[in-house]
Amino acid sequence: MTILNVFLGTTNVTFFYVILIWVLFDSLRLTKSNNLLHFKHTPTIFAYITVFFSAVISIFNVAFVFYDYVTNGIIGFSFVSLVLTWVLATFVSFYSMKNTLKESKRFPFVLILWWLFVTFVDIISLAFKLVKNYDSMMNLWILLLEEENIVDVVSLPMLLVLCFNAFPNVCVREQSEMEQRLLQKKFDSSTLGDESEEAFVKAGLWSKLTFRWLNPIFEIGRIQKLEHVHVPSVPQSETAASASSMLEESIRKQKLQGGSLTKAIVHSVWKSLALNAVLAGVNTIASYIGPLLISNFVNFLLSNDDNSNIKYGMILAFIFFLSKTVESLSQRQWYFGAQRIGIQVRAALMALVYSKSLTIKCGGPTHGKIINLINVDVERIGDFCWYVHGVWLLPVQIILALAILYINLGYTPSIAALVVTILVMVCNTPLANMQEGLHSKIMEAKDSRIKMTSETMKNIRILKLHSWESTFLQKLFQLRDTERKWLHKYLYLCSAVATLFWASPTLVSVFTFGACILVKTELTAATVLSALATFRILQEPIYNLPELISMITQTKVSVDRIQDFITEEDQNQFMNKHASKTSTIAIEVKPGEYAWEENDQYLKKPTIHIAEKLLIKKGQKVAVCGPVGSGKSSLLCSMLGEISLVSGAATKVYGTRSYVPQSPWIQSGTIRDNILFGKQMNKDFYEKVVDGCALLQDINLWSDGDLTMVEERGINLSGGQKQRIQLARAVYNDSDIYFLDDPFSAVDAHTGSHLFKECLMKLLYDKTVVYATHQMEFLEAADLILVMKDGKIVESGRYKDLIACPYSEFVQQMAAHEETICQIPCRKDDSVCCRPCQKNPIEIAEENIQEIMMDWKRTREEEAMTGRVKWSVYSTFVTLAYRGALVPVILLCQVLFQVMQMGSNYWMSWATEEKGRVDNGRLMGIFALLSGGSSVFILGRTVLMATVAVETAQRLFHGMITSVFRAPVSFFDTTPSSRILSRSSTDQSTVDTDIPYRLAGLVFALIQLLSIIVLMSQAAWQVILLFFVVLAISVWYQAYYITTARELARMVGIRKAPILHHFSESIAGASTIRCFNQEKIFLTKVMALIDDYSRVAFHNFATMEWLSVRINFLFNLVFYFVLIILVSLPRSAIDPSLAGLVATYGLNLNVLQAWVIWNLCNVENKMISVERILQFSNIPSEAPLIIEDCRPEPEWPKEGIIEFLNLHIQYDPTGPMVLKGVTCIFPGQKKIAVVGRTGSGKSTLVQALFRVVEPLEGCILIDGVNISKIGLQDLRSKLGIIPQDPTLFLGTVRTNLDPLEQHTDQELWEVLSKCHLAEIVQQDPRLLDAPVAENGENWSVGQRQLVCLARLLLKKRKILVLDEATASIDTATDNLIQKTIREETSGCTVITVAHRIPTVIDNDLVLVLNEGTIAEYDKPSQLLQDSSSSFSKLVSEFLRRSSQSNC
């Protein structure tokens, strides 16, 4: 019979594991499927009966086993295995009815086999008993009703019914087509709806405690890929509008009381904080009940076995279970509550900083500082909500621990423990301070690297064209090496801190037990194990103190920074008043001085000085002219209030305003959105504006018309298009007063004339317009002209009055203009009228790659991986450093540490179990030896981990940044710089300090968990079965959780980027937003973006707690059952020391197991950072920089002859052909002008010359050398270019002129003089070391173009490309510059892409492109003789427009 029981028990266990494996695989199959499941079957009533009968049989078996245990005190192996298998089979039958039956025709095959097997065994068993014991019918009835047979008898009919499931189609019916369509429609439109959006708010106490309100999200995440629309909104209190209004109200109250931002934040969330504090207190008290009762439990195990003792043991076990459950639930609610407070505080501060950033002007905080406030400071304050209760919990934890030690060990050992604890904390504090210092150094180094990376990525096209990318890459590597040096020190210091953390319980215990021996306090197994459990809990506050101090310090700094920002007073006293119907005054400019930076010690004089009062009447057209750097833009800004008033009275503007800045500000979105700018669509007026701003032709060219998407910073638009779009935005705003800063510089003669006539003089005929311009031909029509020089209005008046004064500044500027006109040959037929710009075949505007690809999709959402992170990512990460050789050594160190730590604890427990078993010296000696050995291994592990982490991070960074720098320019055209920066900053930081330790922490926690399970199994082998059941359920939970959690984690990263993008975009265009009075609209938009981020973050945090609650409870059950087993087993069957040790380690079981499961999910979420970095480590690269076998001679090119032979260019295999068989020769040492309308191929020709794009067919020869055969560096380093958008780098004048540091100061001064910049540079006492702001913001656009020209002349190249090199320079300076270019480039081949006719006329040859082919190519004089030529018509229009010149 024993053999039969063993056989049945083994078979039951086999079925148990087979069923378990099936359900795990099936659940994984369902969770991996992101697509909608198509259900074809519906369960019948028989399926429900099946599940019901299975549940009834399970309940009968559980009841019988419980009754048998109470009656006999033991449980047979076959009965236990039968009960477990039935319970699992019932669960699986219910699971199958809900899932698999909808796809298949019957229950799982393994389940049917189980039912058949149990039915067979039941029939055989009953039959055997009947045959053996049958005497009469009365005996038969008695036999059947015996205790051991009643379950079999009652179960048999139900089992026979279950066996019918072996037949197909018994438990399912086919769905009709209508049912399938309805179900499909239901899932296709599955979002949580309005009711679920309030699921959290309406949830009851139990639902909130267990996070059941999240179940609908998990259900959707299981069936299909979770999208943002599926995620419900956050509760009202966490919305940005509500949170920011509460904080603003608190700030207002605090201001009345002279308070601080910290008090305001606390006041706005005090109710949530108070509730959170209660939960934190409950959690702390519950966590100390275990160590307090351990001594009672061990004493119970050491006592004699009787019924009263068993009841006492059961009560103790239940108290343990109850305290652990309360601890788990309160901790989950505490953590989730802290995250909610963090979300609320972040939302409020983000909105507050944003609204303030829209009002800050007059040289306020930099763009970078404001972004840092959002990215770093606000995040840090939100994170502090985790730590805020640590301030008062720390002393409470220490007091509770000392109280337990005092109860168990007495006064002296408790004092010894306190002293050692304080000493360990004191030792930890300087380490923490050093950590903080090193962390600051890392952040400084990271800031420098990110700043340079940002600037490099924005200007990567320039770097590649100048062949500087290798030099800048090396500079970036140097900055990273500095960062790595500090990171190395920081991680090694972290190793010391981690070692102290793991060794602190050992140190405290050694000294405490030593004190016990000195004062002759008796050590028993109970007191020792209770003390060890207390020391382990005391480990956390010891470790947390320095981190808490550091966090408080960092948070205080962040709060102060934000407080300084939001309380910063705007010193501008600009006054915008409503227009009076009776008054004729539009702008009243009073005497005063204005400066961009009031506190600049190097500022010798104000930027703008107004000596006399100036009145501008309604409807007047006011022109502002003057040389480069004379203060034209600053004058407009002073009228707008964008520049600080140093002295005098502020300007008054009467009426609404519109502003067109010199550097175009374009939003991401559609062309239409940019023009409407928050206003309602008025179709008739909109069409007039589009026509007047010469945008009709462009809109017709774009495949999506005015719904074409604009990419970041308008990268897919030409300079002229951006200028015209923002002009259209201003005109559509229908304001009273318009401020236009050089609106004609980026357009050609036809377009400029059209804009002036149709837009300025017709659409704005009754408006007040103040416009700055270099185009002198647009001055005559002005009602008032202001002539600027050195920041002063030196002359003002009408055109005819100013031109009448022969020695005036205005006449001198006009003389330069007339000199330019006279250089153009006059034509007899000058009567060619200008056709409207939108119908003109030629528009001389810069085209961009993206314009050529206008039929393609303009915007691409960031490519996000779906599904699990691939194992290849993990293997690459683990083996990247030293090919993974140190990984086994690290694991071995962890295993040995765990063994020696458990060994030391068991030694103390065993040695003190019986009095006098070992002497005190031996007791403490071996304990100290084992504990010291464990500390050595943990030190080895942490040091090796730091080494591996640094090397891995460095290799990932090098691989990614090298790949990015070698990527073709087209990659940067389609990839916003923010994506590269997010990988270089956030993802790289995660790799530097987070992922290695999370991944290692997961493995180490698994080792700890397995060691505890092994320890438990030594005391009670039954734990293994239970553990496998709980582990299987945990894995199922994790698989169910991860599909939703993974998508939420990805969404968190994706949803943060739009907030930062909107911040950056808004700050860049803050002056425009203010001028248009659009602050409220933009604030509403950013609040919506913050709420989008908050809702994802809210549910991301909640799903983690959902999983943790369930896993914690499962392992609390395991711990409870272990204690029950230990209580129930005979004392002779257990080792009390081992059992006590099991109970001690079991106290941490739920925390440790939750840490394993949570980390398992979190590691995958964090590994997305590695995945993203590796994604950018395999970008297809450009051609090699140097091809050793095909290097040109050092003197190449000598002549500068450029031959284009049948050149065909196509950007993409599916895209259009851009250049179609271009064949021509640019003679050496000649000047060639390239003109053509947008999309004609001008820029493509230039890009082909620099091999930014490779030819599909044909080739380009320079002095007979095929440029496709040589390296890119050899090619580009021999060419020179000035791009249309002048680019300056953050640094000094010296670093901008000579980034490679190849020239002397004398050479630098020479080129500055030639470009007429020497005087400007000499105004600053720092001379060549004068600072240049980010993007050269402290220089005017014209000055930036001159710096770029100086940079080009310094290089002394044989072939030069000038792409609108002097578009933003006044005529007089342009004449001087053109003369310099002629003199300095006399022996060079110069290719000029220009709008200005005088610049084009001055060339030896003119190439006119049309739709990728050569339309005209000849000398300018020859082309002018043909009145039908495109070039001739262009010149005619310019001369007609400049007819006031005396040519």
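Every heavy atom of this structure was used, including side-chain atoms; hydrogens, water molecules and symmetry mates were not.
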*Any luck finding a side-chain donor-acceptor pair between D987 and T990 under 3.5 Å?*
no

*asked:* Students often mix this up, so state it plainly: with edges at 30° and 60°, are the rings of F472 and W468 parallel, tilted or perpendicular?
replied: parallel

*Using modelled atom types only, decide if a donor and an acceptor are shared between the side chain of S467 and the backbone of L463 within a distance under 3.5 Å.*
no

_Under the rule for salt bridge (charged side-chain N to carboxylate O under 4.0 Å, His left out), what residues qualify as partners of R380, not counting sequence neighbours?_
none

*R983 side chain to Q1175 main-chain N or O, any donor-acceptor pair under 3.5 Å?*
no

*Please confirm whether the backbone N or O of I450 pairs with a side-chain atom of S454, one donor and one acceptor, at under 3.5 Å?*
no

_Quick check: closest heavy atoms across S1177 and G959, and the distance to 0.1 Å?_
OG-C, 3.8 Å

_Is the distance between the ring centroids of Y1093 and F1098 under 6.0 Å?_
no

*Not counting sequence neighbours, which residues clear salt bridge (charged side-chain N to carboxylate O under 4.0 Å, His left out) with R1294? List them please.*
D1305, D1329

*Checking side chain to side chain contact (heavy atoms under 4.5 Å, CB included) against F1250, which of L465, L1275, L1272, I1267 comes through?*
L465

_Over 12 non-hydrogen atoms of neighbours within 6.0 angstrom of NZ in K475_ = yes

*For D1091 and S1094, what are the C-alpha separation, side-chain angles and deciding distance, and is it a side chain to side chain donor-acceptor pair (under 3.5 Å)?*
CA-CA 5 Å; D1091 286 344; S1094 293; 4.9 Å; no

*Of all the heavy-atom pairs spanning D992 and A953, show the shortest one and how long it is.*
OD1-CB, 3.0 Å

_Please tell me whether D481 and Q954 have a donor and an acceptor in their side chains that are separated by less than 3.5 angstrom._
yes

*So, are E951 and R484 salt-bridged, with charged N and O less than 4.0 Å apart?*
yes

*Locate the shortest heavy-atom distance separating P1058 from L1089; write the atom from each residue and the value.*
O-CD1, 3.8 Å

*Aromatic centroids of F677 and F1082 separated by under 6.0 Å*: yes

*Give a yes or no on whether a salt bridge exists between K441 and E483, defined as a side-chain N under 4.0 angstrom from a carboxylate O.*
no

*Hey, does the side chain of N1296 reach the backbone of L1288 with a donor-acceptor pair shorter than 3.5 angstrom?*
no

_Check: R449 main-chain N/O paired with R480 side-chain donor or acceptor under 3.5 Å_ = no

*Show the numbers, then the answer: is there a ring-ring contact (aromatic ring centres under 6.0 Å, His included) between F965 and F477?*
CA-CA 12 Å; F965 266 74; F477 282 155; 7.9 Å; no

*Taking NZ, NE, NH1 and NH2 as the nitrogens, is one of them in D383 or R346 under 4.0 Å from a carboxylate oxygen of the other?*
yes

*Mind listing the closest non-hydrogen atom pair of V873 and M1167 along with its distance?*
CG1-CE, 3.8 Å

*Check L476 against I961 and note the closest heavy-atom contact, atom names and distance.*
CD2-CG1, 3.6 Å

_Would the distance check show the side chain of K464 and the main-chain N or O of R966 forming a donor-acceptor pair, the cut-off being under 3.5 Å?_
no

